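Everything quoted here is computed from the prediction, not taken from an experiment.
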Amino acid sequence: QVQLVESGGGSVQAGGSLRLSCAASASTASNCMGWFRQAPGKEREWVATIYTGAGRTYVSDSVKGRFTISQDNAKNTVYLQMNSLKPEDTAMYYCAAAAPYGGALCPTRGVNGYNYWGQGTQVTASS
């Protein structure tokens with residue numbers, strides 16, 4: 001069973017940047033590694049996913065052009081670079097892992113398929 005540990009959250013002014021890290025206790029090779037966020041009173045929202053077998057990325061429209069997901073397979077770590085942060089990006093951010101389906105496809109709608117979750121790291125962007 002893989003364990004995921006997020007880090008890198010914090011408080012920034014709107015327009016600032018943060019880089020989140022997700023360290024896995026086991027190899028993340030050929031897995032779908034995703035980032036999600038949840039604001040108080042709202043459902044958990046999918047943000048981005050990377051298929052580590054090929055480095056193929058998927059990013060939600062709400063953060064496209066501002067957030068980038070990347071990987072370091074040697075360190076079993078996935079990153080979320082967040083630029084031009086807005087107050088509406090404020091949330092708890094979670095890392096999650098899923099097995100690919102159909103050979104090399106990743107779930108990119110909601111939490112279904114993601115079986116392993118980290119404890120979350122708080123991101124606050126203030127105006």
Side-chain angles (χ1 to χ4, degrees):
Q1 186 172 357
V2 64
Q3 293 182 328
L4 305 174
V5 179
E6 303 97 332
S7 61
S11 297
V12 297
Q13 293 287 324
S17 298
L18 285 172
R19 188 177 81 155
L20 306 183
S21 299
C22 172
S25 61
S27 173
T28 57
S30 298
N31 275 331
C32 300
M33 301 297 297
W35 284 99
F36 293 77
R37 65 187 182 184
Q38 189 168 19
K42 295 189 176 181
E43 291 187 354
R44 193 163 296 190
E45 174 191 13
W46 171 73
V47 175
T49 291
I50 186 166
Y51 172 58
T52 60
R56 184 168 58 248
T57 62
Y58 311 80
V59 181
S60 72
D61 289 342
S62 63
V63 303
K64 193 169 292 183
R66 299 188 298 121
F67 290 13
T68 303
I69 187 170
S70 62
Q71 64 187 75
D72 185 334
N73 284 347
K75 296 182 178 180
N76 295 329
T77 299
V78 174
Y79 304 98
L80 185 68
Q81 178 67 44
M82 305 185 296
N83 298 328
S84 302
L85 281 161
K86 304 176 181 180
E88 51 264 43
D89 295 319
T90 295
M92 185 72 78
Y93 283 71
Y94 298 91
C95 175
Y101 65 94
L105 298 176
C106 291
T108 58
R109 295 289 185 267
V111 301
N112 288 338
Y114 289 88
N115 299 315
Y116 300 100
W117 292 84
Q119 82 290 347
T121 185
Q122 178 68 38
V123 171
T124 302
S126 56
S127 57

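Note: Glu6 CD to Ser21 OG = 10.0 Å, rounded to the nearest 0.5 Å. To the nearest 0.5 Å, atoms CG (Asn76) and CE (Met33) are separated by 9.0 Å. Taking CZ from Arg19 and OG1 from Thr68, the interatomic distance works out to 11.5 Å, rounded to the nearest 0.5 Å. With values rounded to the nearest 0.5 angstrom, Gln38 atom CD is found 8.5 Å from Glu43 atom CD. For the atom pair OG of Ser60 and CZ of Arg109, the computed distance is 9.0 Å after rounding to the nearest 0.5 Å. Tyr51 OH to Thr57 OG1: the interatomic distance, rounded to the nearest 0.5 Å, is 14.0 Å.
For Arg66, the salt bridge (Lys or Arg N to Asp or Glu O under 4.0 Å) partners are Asp89, not counting sequence neighbours.
For Thr124 (side chain) and Thr90 (main-chain N/O), no donor-acceptor pair under 3.5 Å exists by modelled atom type. Using a distance-only test at 3.5 Å, with no hydrogens or angles considered, a donor-acceptor pair links the side chain of Thr52 to the main chain of Ser30.
Residues Ser62 and Glu88 are not in side-chain contact: their nearest non-hydrogen atoms beyond the backbone lie 4.5 Å or more apart. In this structure the side chain of Pro100 reaches within 4.5 angstrom of the side chain of Asn31, judged on heavy atoms. Side-chain contact between Val63 and Arg37: present, with at least one pair of heavy atoms (C-beta onward) separated by less than 4.5 Å. Ser11 places none of its side-chain heavy atoms less than 4.5 Å from the side chain of Ser126. With a 4.5 Å cut-off on side-chain heavy atoms, Phe67 and Leu85 count as touching.
The two residues Ala48 and Leu80 have their closest heavy-atom pair at CB-CD1, 4.3 Å. Taking all atoms of both residues into account, the shortest heavy-atom contact from Pro107 to Cys32 is CD-SG, 4.1 Å. Among all heavy-atom pairs drawn from Thr28 and Ala24, the shortest one is CG2-CB, 3.4 Å. Between Gln81 and Ser17, the closest heavy-atom pair is NE2-CB, 4.0 Å. The minimum heavy-atom distance linking Trp35 with Cys22 is given by the pair CZ2-CB, 3.6 Å.
A cation-pi contact, defined as under 6.0 Å to the ring centre and within 45° of the axis, is absent between Arg44 and Phe36.
Between the side chains of Thr49 and Tyr114, a donor-acceptor pair is found at a separation under 3.5 Å.
Note: the hydrophobic cluster containing Leu4 also contains Tyr93 (ILVMFWY, side chain heavy atoms under 4.5 Å, direct or indirect links). Linking Ile, Leu, Val, Met, Phe, Trp and Tyr residues whenever their side-chain heavy atoms come within less than 4.5 Å leaves Tyr58 and Ile69 in two separate clusters. By the criterion of side-chain heavy atoms lying less than 4.5 angstrom apart, applied directly or through intervening Ile, Leu, Val, Met, Phe, Trp or Tyr residues, Val78 is not grouped with Trp46; the two fall into different hydrophobic clusters. By the rule that hydrophobic residues join a cluster once side-chain heavy atoms approach within less than 4.5 Å of another member, Val12 and Leu20 end up as members of one cluster. Linking ILVMFWY side-chain heavy atoms closer than 4.5 Å, directly or via other members, places Tyr79 and Val2 in two distinct hydrophobic clusters.
Within a 6.0 Å radius of CD in Gln119, more than 12 heavy atoms belonging to other residues, nucleotides or ligands are found.
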